[in-house]
*Asks:* 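My structure is below; once you've seen it, I'll send some questions.
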2 protein chains.
Amino acid sequence: MIHQDICSDCAVRDQALCGSLDDRELIALNRLGQRRRVVRGESIIWAGEESVICANLLSGVLKLVASTSDGREQIVGLLYPADFVGQPYEGEADFTITAVTDAELCVFPRAPFERVLEDHGRMEKLLLQRTLQALRDARAQMLTLARKSAPEKVAGFVRDMAARAGSNSCRATPGGPVTFDLPLTRGQIADVLGLTIETVSRQLTRLKTAGVIRLSGTRAVTILDAAALEGQAEPA
Amino acid sequence: MIHQDICSDCAVRDQALCGSLDDRELIALNRLGQRRRVVRGESIIWAGEESVICANLLSGVLKLVASTSDGREQIVGLLYPADFVGQPYEGEADFTITAVTDAELCVFPRAPFERVLEDHGRMEKLLLQRTLQALRDARAQMLTLARKSAPEKVAGFVRDMAARAGSNSCRATPGGPVTFDLPLTRGQIADVLGLTIETVSRQLTRLKTAGVIRLSGTRAVTILDAAALEGQAEPA
DNA sequence: CGTGGCTTTGAATTGACTCAATAGGGGTGG
DNA sequence: CCACCCCTATTGAGTCAATTCAAAGCCACG
């Protein structure tokens with residue numbers, strides 16, 4: 001499906017990079033873009049292949065996966081709605097990008113998209129700022145992967161996911177119990193944190209037993225003691 | 001010392017971001033820049049402090065260090081001559097930047113530098129491309145930190161340092177013995193790889209005993225068997 | 001030629017992994 | 001509506017890679 005009139009139905013119209021464009025500019029970009037739905041587990045870019053597209057993520061969650069030749073895997077990034085997807089100015093993709101939930105994208109062919117970038121300094125500047133932020137995030141995660149213990153990793157991950165969920169649907173009582181769904185399986189959490197499934201499971205059970213969180217089903221988490229969680233994530 | 005005429009004595013004039021500017025543009029930037037020397041161990045930016053400068057690195061090697069509140073440290077990036085230093089568009093620095101060798105910088109106040117960026121699309125595009133590359137590097141390193149064994153980490157590190165040294169002073173016989181100096185101490189290598197000093201030392205000794213490398217003094221390394229080194233760095 | 005920092009080597013410990021088996025839970029079809 | 005099945009998660013026991021703790025050794029430099 002080609003975009004309706006002028007992205008008026010776009011759920012992330014203002015948060016995505018396109019937010020920097022006025023109506024006239026949007027028309028040009030709009031002509032390039034195509035909606036695409038992907039189902040959970042489907043990949044849109046493969047490491048080592050020519051990366052011919054860029055996109056805005058409209059809904060769902062994607063993972064960036066790095067892997068060794070013998071099959072070990074590491075999730076090196078997660079993408080959420082309004083995030084930019086893909087690598088301009090780079091032919092061969094370094095990481096495989098796969099949907100961890102059903103997702104919807106607004107896809108652009110890479111080369112024309114690069115031309116739009118060059119013609120629109122505001123948009124390029126926004127992309128630079130996002131890229132700088134992604135770089136800071138990746139470097140912060142390097143500290144976690146290399147130097148934090150399994151309890152710290154899991155507590156920090158739960159805290160971060162709660163913060164993200166909380167920023168979407170803000171609660172009246174900050175610090176009070178917050179409930180949300182993890183978008184990832186235990187195995188995917190393990191792939192983010194550089195642990196194994198078993199270790200993630202054990203640490204979550206430990207937090208539950210300690211009364212810090214409640215687990216309902218396999219996805220839902222309730223934060224019972226945010227201060228304790230923070231204390232386990234960042235020991236003094 | 002203010003720049004002499006027009007950066008004519010700059011060792012990295014063509015490789016650094018400034019390479020994108022013509023002589024007229026360079027005059028404007030030149031007026032902002034100041035040379036600064038730092039000695040080994042000296043920091044130019046501190047995590048948590050306001051980050052008021054950007055710079056080009058002219059000579060020497062810098063490290064970006066992330067640390068936990070209880071003192072664990074991780075080197076999340078190394079900067080070499082012609083690399084860009086600092087975080088435009090971001091007030092508070094996330095990482096401490098420290099010289100690992102004596103170094104020389106061309107320093108710009110951040111705010112005016114940002115204005116130059118906005119006025120010069122070519123330079124902003126170059127910075128975007130460098131930032132995207134740094135992001136790819138950081139993500140690749142996440143795989144190493146989280147999923148590779150100590151032997152793989154150390155072999156890969158030695159290979160990468162050899163490649164960097166080799167790219168500067170190219171040898172006639174590719175694959176033949178290459179000798180170079182590590183710019184880092186064992187402790188700093190450990191901080192890059194997420195290991196301890198002792199483990200790095202043991203792995204280097206193992207590579208020496210296996211006849212893959214020769215160690216002369218504490219800094220010099222000779223690659224005796226590049227194929228074996230590659231094999232240990234990236235097991236099938 | 002001494003001194004201090006860096007490096008190497010050894011022994012013991014441990015946190016996370018591996019292997020293995022059980023339990024839960026959501027969806028499908030009878 | 002219920003039984004079954006598959007996939008995911010939990011729990012346990014034993015192992016091992018890397019760390020921690022400790023002691024020399026080496027080298028560069030004053």
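Residue numbers begin at 1 in each chain, while the letters A, B, ... track the order of the sequences. The analysis underlying the following values was restricted to heavy atoms, covering all of them including side chains, and did not include hydrogens, waters or symmetry mates.
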*Asks:* Base, sugar-phosphate or nothing for Leu204(B)? Non-hydrogen atoms, less than 4.0 Å.
*Replies:*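 Here Leu204(B) touches no strand at all.
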*Asks:* Check the surroundings of atom CZ in Arg130(B): do more than 12 heavy atoms from other residues, nucleotides or ligands lie under 6.0 Å from it?
*Replies:*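 Counting neighbours around CZ of Arg130(B), more than 12 heavy atoms of other residues, nucleotides or ligands fall under 6.0 Å, so yes.
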*Asks:* Side chain of Thr205(A) only, heavy atoms from C-beta on: which candidate in dA9(D), dT11(D), dT20(D) is closest?
*Replies:*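 It is dT11(D).
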*Asks:* Given dT8(C), dC6(C), dC19(C), which nucleotide is nearest the side-chain atoms of Thr185(B)?
*Replies:*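 Of all the options, the side chain of Thr185(B) is nearest to dC6(C).
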*Asks:* Can you work out whether Thr196(A) or Thr218(A) has the more 5'-proximal nearest nucleotide on DNA chain C?
*Replies:*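 The answer here is Thr196(A).
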*Asks:* Can we say Lys148(A) and Glu234(A) salt-bridge, meaning some charged N sits less than 4.0 Å from an Asp/Glu carboxylate O?
*Replies:*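 Salt bridge between Lys148(A) and Glu234(A), a charged N being under 4.0 Å from a carboxylate O: yes.
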*Asks:* Could you tell me whether Gly217(B) contacts a base, only the sugar-phosphate backbone, or nothing, with contacts defined as non-hydrogen atoms closer than 4.0 Å?
*Replies:*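 Nothing: the residue Gly217(B), judged by heavy atoms under 4.0 Å, touches no strand.
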*Asks:* What's the closest nucleotide to the Thr199(B) side chain, out of dT19(D), dT10(D), dT18(C)?
*Replies:*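 For the Thr199(B) side chain, the nearest candidate turns out to be dT19(D).
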*Asks:* Within the modelled atom types, does a donor on one side and an acceptor on the other bring the side chain of Glu198(A) and the base of dC19(C) under 3.5 Å apart?
*Replies:*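 By the distance-only test, yes, there is a pair.
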*Asks:* Side-chain donor or acceptor of Arg202(A) under 3.5 Å from a matching atom on the base of dG12(D)?
*Replies:*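 A donor-acceptor contact between them is present.
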*Asks:* So what does Ser201(B) touch, heavy atoms closer than 4.0 Å: a base, only the sugar-phosphate, or nothing?
*Replies:*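 Base contact.
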*Asks:* The side chain of Ala150(B) is closest to which nucleotide in this list: dA18(D), dT8(C), dA16(C)?
*Replies:*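 Closest nucleotide to the Ala150(B) side chain: dA18(D).
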